[in-house]
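Everything below concerns the one structure shown next.
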Amino acid sequence: DYRAANAICPEWSPLDSWVACELRPGSQIVLGSTQSAVCADGTRYPKTGQTQVFVANDGRAGIVHVGNCQAPVAWP
């Protein structure tokens, strides 16, 4: 239910853990509803009213707006 409500494809996350991080000062984020998603296995999730946070990290370009992350914690 959580995966569908938040339009999270299985290839993006197994939804088996969570990590808490701090947002670096001056970072810009976007708050908004989910977007629709089409997953690798053909599953389609429509956009929903759930609020999500978008952080424009690009590790390949060395642009990372989060830090001081804790070790992953098992979830749910």
Side-chain angles (χ1 to χ4, degrees):
D1 291 338
Y2 182 86
R3 185 179 298 284
N6 291 280
I8 301 171
C9 291
E11 64 268 21
W12 299 343
S13 173
L15 298 181
D16 63 352
S17 63
W18 63 273
V19 176
C21 298
E22 293 178 1
L23 195 60
R24 294 200 167 122
S27 297
Q28 294 183 352
I29 63 170
V30 177
L31 293 176
S33 60
T34 66
Q35 293 295 311
S36 60
V38 179
C39 304
D41 66 2
T43 302
R44 295 177 177 270
Y45 295 116
K47 64 187 275 187
T48 72
Q50 289 291 100
T51 301
Q52 290 187 333
V53 178
F54 173 76
V55 181
N57 287 325
D58 185 351
R60 292 175 290 193
I63 301 169
V64 180
H65 298 283
V66 295
N68 197 24
C69 296
Q70 299 176 358
V73 176
W75 180 81

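Residue numbers count from 1 along this sequence. All values derive from a computational prediction rather than experimental measurement.
Cluster partners of F54, by chain and number: V30. The rule joins Ile, Leu, Val, Met, Phe, Trp and Tyr whenever side-chain heavy atoms lie under 4.5 Å apart.
Residue pairs satisfying the disulfide (SG to SG under 2.5 Å) criterion with at least one member in residues 40-76, sequence neighbours excluded, are listed as follows: C21-C69. Pairs engaging residues 18-31 under the side chain to side chain donor-acceptor pair (under 3.5 Å) rule: E22-N68, S27-H65 [sequence neighbours left out].
Considering only residues two or more places apart in sequence or on other chains, S33 meets the side chain to side chain contact (heavy atoms under 4.5 Å, CB included) condition with K47. The side chain to side chain contact (heavy atoms under 4.5 Å, CB included) search around V53 returns I29, L31, V55, not counting sequence neighbours. In this structure C39 satisfies the side chain to side chain contact (heavy atoms under 4.5 Å, CB included) test together with C9, P10, E11, D41, T43, Y45, sequence neighbours excluded. With sequence neighbours left out, V38 forms a side chain to side chain contact (heavy atoms under 4.5 Å, CB included) with R44. Applying the side-chain hydrogen bond (donor to acceptor under 3.5 Å, both in side chains) rule to T48 yields the partners T34; only residues at least two apart in sequence or on another chain are considered.
V73 and Y2 fall within the same hydrophobic cluster, where Ile, Leu, Val, Met, Phe, Trp and Tyr residues are linked whenever their side-chain heavy atoms come under 4.5 Å apart, directly or through other members.
A37 and A7 get closest at one heavy-atom pair: CB-O, 4.0 Å.
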